[in-house]
Amino acid sequence: MSKKKKIQRPKARRPRGFEDKSADVLRAENRLIQAAFSVYDTHGFEPLQTPAFEYADALGKFLPDDDRPNTGVFALHDDDEQWMALRYDLTAPLARFVAENYNDLPKPYRRYQAGSVWRNEKPGPGRFREFIQCDADSVGAPGAAADAEMIMLAADVMVAAGLDTGQYMVRVNNRKLLDGILESSGVPGTGAGAEQRLQVLRSIDKLDRLGADGVADLLGEGRKDDSGAYTKGANLDASAIKAVLGFTTASDTDRDKTLRTLEALVGASTHGKAGVEELKLIDDILTACDYGPGRVVFDTSIVRGLGYYTGPVFEAELLADIKDRKGRPVRIGSVGGGGRYDGLVSRFMGQAVPATGYSFGVSRFASALSRMGLAETAEQPPVMICVFDKSLLGEYFIMASQLRAANIRCEVFVGNGNVGKQLKYADKRGVKLAVLMGSDEMERGEVTIKDLELGAQMAKAIKTNEEWKSSRPAQKTAARNDIVAAVREMLAGGDII
RNA sequence: GCCGCCUUAGCUCAGUUGGUUAGAGCGCUGGUUUGUGGAACCAGAGGUCCUCAGUUCAAACCUGAGAGGCGGUACCA
């Protein structure tokens with residue numbers, strides 16, 4: 001049937017959950033990373049880079065009864081039959097690195113790192129299978145002072161990103177408090193109780209979406225959602241549910257007041273008391289350094305879903321400029337979080353190695369900043385040198401390097417096509433100025449500089465092609481030797497005569 | 001994993017009761033204009049109608065299965 005033999009072409013497509021990023025997005029993300037790095041660096045943290053792949057057992061991702069890694073990671077067999085997997089966060093590789101180099105590292109070891117992580121999960125809006133995290137961690141520091149520092153770092157990153165007080169909030173809680181509550185409610189921290197506690201954490205994490213009633217169902221027998229799907233509950237008894245929900249709503253914007261409430265709430269529990277003591281120390285440091293309740297609060301509804309946290313936990317949240325009806329800032333949501341994880345490094349070592357850290361999602365944070373109108377995209381538009389005459393290419397490249405030496409972003413047209421084509425290309429690129437020099441100008445020692453933005457405006461008033469071409473709008477002639485000064489002036493918006 | 005919607009050109013979409021060579025707009029390439037962007041006009045390229053199987057003289061269209069996309073939900077170390 002076929003007259004024409006069909007060529008089998010591959011379909012140009014991306015794997016789902018993986019993204020191409022445009023120039024604007026990349027610039028915004030890189031700015032954010034640089035801002036965070038400079039905060040970490042001035043606090044004395046050291047940069048570190050670890051590889052994309054780790055051995056799967058080092059990531060701790062083997063299921064108990066399975067001979068291959070958890071499906072949530074991208075894993076492959078190395079040629080020696082060992083399982084390797086792409087890292088799913090930067091914390092597990094840090095734990096491996098510290099354990100591997102324990103003797104050589106100063107303790108506490110404080111490092112920062114940004115890099116891609118990969119999760120083999122179903123992607124959704126704003127959720128990808130590859131994304132960038134930016135972390136800072138202290139390993140080997142047991143005291144709450146290290147946690148207080150991480151909390152202040154989180155706030156400092158917000159400031160470095162360009163946010164003012166009132167546009168962000170860091171919310172702090174302590175896992176030990178909930179441990180105390182559950183202990184008193186008869187839920188042990190080991191065996192079946194450990195799984196139960198994890199369920200409790202996940203349930204509380206859904207407070208903002210499901211509300212207290214939905215979470216109460218999840219803490220009890222379970223919950224059926226609108227689509228008919230059933231979620232198994234944590235099976236707490238009624239008094240335990242009441243205690244947990246009571247705890248999650250115990251905090252107040254006044255940190256002192258919250259501490260007094262918590263002190264009464266945890267009663268005689270050792271875990272609970274220790275948790276309150278840690279928060280007190282954190283409060284002392286924050287208060288001394290002027291990190292007031294306008295930007296850091298204690299919030300008992302913050303738990304973080306992860307199982308490995310053992311002490312203070314916190315989330316950094318963006319508040320939009322928009323206010324709700326009661327005049328409170330609207331929540332955009334959490335862009336980062338962290339906390340103490342004292343068990344992660346000791347997995348490798350048989351010796352206790354306390355650690356605490358902060359991590360934020362670069363893409364999510366950067367895109368939220370753009371939505372708030374805080375992403376400055378003032379990248380200098382490029383200048384383009386047109387190729388009128390190929391025999392003058394050397395001249396064109398010399399001009400370009402002169403402009404670059406003056407810190408002006410510029411390029412010589414290297415494609416094919418007459419000047420008309422070149423200018424169309426320039427329009428599409430968002431070029432602000434085009435430099436024209438043919439043999440005529442060359443002989444006179446001149447260049448012609450066109451302002452494409454201004455020309456585009458003037459074109460609106462011009463009806464015919466002839467009129468357009470003969471008027472040659474928005475361009476001026478300058479001496480070849482003055483090209484840098486002339487371009488600079490026109491970039492600055494100088495008048496064109 | 002479960003539920004719902006969707007799939008025809010690079011993009012957005014038409015496409016008659018199942019009928020012969022599948023169209024439009026935008027975009028792209030070339031030209032009118034080999035030294036000047038816009039507009040206009042002319043020409044051209046570009047299709048496994050998601051895939052496979054079935055029904056039929058005949059399928060983009062009907063039936064079945066599968067894949068992919070989107071949204072919700074669960075999981076998210």
Side-chain angles (χ1 to χ4, degrees), chain A residues 1-9 11-17 56 59-64 69-73 85 87-89 91-92 95 117-129 131 198-199 201-202 205-206 209-210 218 222-232 304-309 341 343-344 347 384 386-390 392 416-431 433-442 448-475:
Chain A
M1 76 172 222
S2 59
K3 290 180 223 159
K4 251 194 294 186
K5 198 75 178 177
K6 290 287 192 262
I7 302 164
Q8 195 79 352
R9 292 199 190 84
K11 193 174 169 68
R13 62 199 183 121
R14 263 174 304 130
R16 130 192 87 132
L59 293 179
K61 280 343 288 173
F62 271 99
L63 296 171
N70 183 320
T71 50
V73 298
R87 64 187 178 206
Y88 55 81
D89 68 15
T91 312
V117 301
W118 294 268
R119 296 187 184 180
N120 196 0
E121 292 160 9
K122 187 197 157 186
R127 296 178 66 88
F128 302 97
R129 293 157 96 194
F131 56 98
L198 203 56
Q199 281 278 9
L201 294 176
R202 289 184 197 142
D205 222 18
K206 289 172 186 145
R209 195 156 49 82
L210 302 180
L218 283 176
R223 175 174 184 274
K224 192 178 279 186
D225 68 35
D226 297 338
S227 71
Y230 183 74
T231 310
K232 189 169 59 108
R304 311 237 76 210
L306 308 193
Y308 60 64
Y309 288 117
Y341 50 97
L344 225 47
R347 284 199 313 122
M384 194 184 90
C386 289
V387 176
F388 258 104
D389 184 340
K390 288 205 165 135
L392 297 179
N416 282 326
N418 59 28
V419 174
K421 287 257 181 306
Q422 298 187 27
L423 289 172
K424 278 182 187 174
Y425 163 86
D427 270 337
K428 197 165 222 172
R429 282 290 322 279
V431 165
L433 298 181
V435 177
L436 311 178
M437 185 183 74
S439 41
D440 299 355
E441 284 99 336
M442 179 77 181
T448 299
I449 306 171
K450 265 179 98 69
D451 185 325
L452 297 189
E453 282 173 17
L454 186 61
Q457 285 173 28
M458 293 170 71
K460 288 174 191 161
I462 294 174
K463 295 285 180 291
T464 69
N465 188 250
E466 287 65 33
E467 186 186 347
W468 166 255
K469 286 176 76 168
S470 58
S471 71
R472 294 197 175 170
Q475 65 185 50

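As the structure is a prediction and not an experimental result, all values here were calculated from the model. The figures that follow rest on heavy atoms only: side chains count, while hydrogens, waters and symmetry mates do not. Letters go in sequence order (proteins before strands), and every chain restarts at 1.
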With a 3.5 angstrom cut-off on both distances, give the Watson-Crick or G-U wobble partner of B:G37, or none if there isn't one. none
Could you tell me if the side chain of A:Y309 sits less than 4.5 Å from the side chain of A:L201, heavy atoms only? no
Determine the contact category for A:D89: base if any of its heavy atoms lies under 4.0 Å from a base atom, sugar-phosphate if only primed atoms, P, OP1 or OP2 are that close, otherwise nothing. nothing
Look at all strands and tell whether A:A456 reaches a base, only sugar-phosphate, or nothing, counting heavy atoms closer than 4.0 Å. base
Between B:G31 and B:G37, how far apart are the two P atoms, rounded to whole Å? 13 Å
List, with names and distances, any nitrogen or oxygen atoms from the protein found under 3.5 Å away from nitrogen or oxygen atoms belonging to nucleotides 28-32 of chain B.
residue : atom : partner : partner atom : Å
B:C28   : OP1  : A:K428  : NZ           : 3.1
B:G30   : OP2  : A:K421  : NZ           : 3.4

Taking atom C1' in both B:G46 and B:G64, what distance in whole Å separates the two? 33 Å
Determine whether a donor-acceptor pair (one donor, one acceptor, N or O, separation below 3.5 Å) exists between the side chain of A:Q457 and the base of B:G38. no
In whole angstrom, give the distance that lies between atom CG of A:L452 and atom C1' of B:U36. 10 Å
Under a 3.5 Å cut-off for both contacts, is B:C50 paired Watson-Crick or G-U wobble with anything, and if yes, with which nucleotide? B:G66
I need the A:R16 CZ to A:K122 NZ distance, nearest 0.5 Å. 8.5 Å
Quick one: label A:Y308 by what it contacts on the DNA or RNA (base, sugar-phosphate, nothing), any heavy atom closer than 4.0 Å. sugar-phosphate
Measuring from atom CZ of A:F388 to atom CE of A:M442, what distance do you get when rounded to the nearest 0.5 angstrom? 14.0 Å
Starting at CZ of A:R202 and ending at C1' of B:C76, how long is that distance when rounded to a whole Å? 8 Å
Rounded to the nearest 0.5 Å, what separates atom CD in A:Q457 from atom CG in A:L452? 12.0 Å
Base paired to B:C28 (Watson-Crick or G-U; both N/O distances under 3.5 angstrom): B:G44
Rounding to an integer number of Å, can you tell me how far A:L436 CG sits from B:G37 P? 11 Å
Could you work out the separation of B:G10 and B:U48 based on their P atoms and round it to a whole Å? 7 Å
When the P atoms of B:A43 and B:C49 are considered, how many whole Å apart are they? 27 Å
Go through the N and O atoms of the side chain of A:K122 and the base of B:G72, and report whether any donor-acceptor pair is under 3.5 Å. yes
With P as the reference atom in both, quote the distance from B:U21 to B:C13 in angstrom, rounded to an integer. 28 Å
Does any non-hydrogen side-chain atom of A:R127 lie less than 4.5 Å from one of A:R119? no
Who is the Watson-Crick or G-U wobble partner of B:C13, with both distances under 3.5 Å? B:G23
Once hydrogens and angles are ignored, does a donor-acceptor distance under 3.5 Å link the base of B:C76 to the side chain of A:R127? yes
Residue pair A:L59 / A:R347: nearest heavy atoms and the distance that separates them: C-NH2, 4.1 Å
Could you work out the separation of B:G18 and B:U56 based on their C1' atoms and round it to a whole Å? 9 Å
Identify the nucleotide, in any strand shown, that forms a Watson-Crick or G-U wobble pair with B:G71, with both distances under 3.5 Å; if there is none, say none. B:C3
Tell me whether the side-chain N/O atoms of A:R16 come closer than 4.0 Å to OP1 or OP2 in B:G69. yes
Please report the distance, rounded to the nearest Å, between OH in A:Y88 and P in B:C75. 18 Å
Interatomic distance at P, B:A40 relative to B:A22, whole Å: 30 Å
By the Watson-Crick or G-U definition, both distances under 3.5 Å, B:A59 is matched with none
A:V435 side chain near A:T448 side chain, heavy-atom distance below 4.5 Å: no
A:N416 has an atom CG; how far is it from atom P of B:U34, in whole Å? 17 Å
Using a 4.5 Å cut-off on heavy atoms from C-beta on, say whether the side chain of A:M384 contacts that of A:Y425. yes
Pairing nucleotide - B:C76, Watson-Crick or G-U, each distance under 3.5 Å: none
In whole angstroms, how far is the P atom of B:G37 from the NZ atom of A:K424? 8 Å
Whole-Å gap separating C1' (B:G27) and CG (A:D427): 16 Å
Which residue lies toward the 5' end of RNA chain B, A:T448 or A:E121, if each is placed at its nearest nucleotide? A:T448
Distance check, P atoms only: B:C61 and B:U73, in whole angstrom units. 35 Å
How long is the gap from CZ on A:R304 to CG on A:D205, to the nearest 0.5 Å? 7.5 Å
Whole angstroms only, please: what is the CZ-P distance between A:F388 and B:U36? 7 Å
Touch class at under 4.0 angstrom, heavy-atom based, for A:R209 against every strand present: sugar-phosphate
On RNA chain B, nearest-nucleotide positions of A:G455 versus A:W118: which is more 5'? A:G455
Between A:L344 and A:T91, which heavy-atom pair has the shortest distance, and what is it? CD2-CG2, 3.6 Å
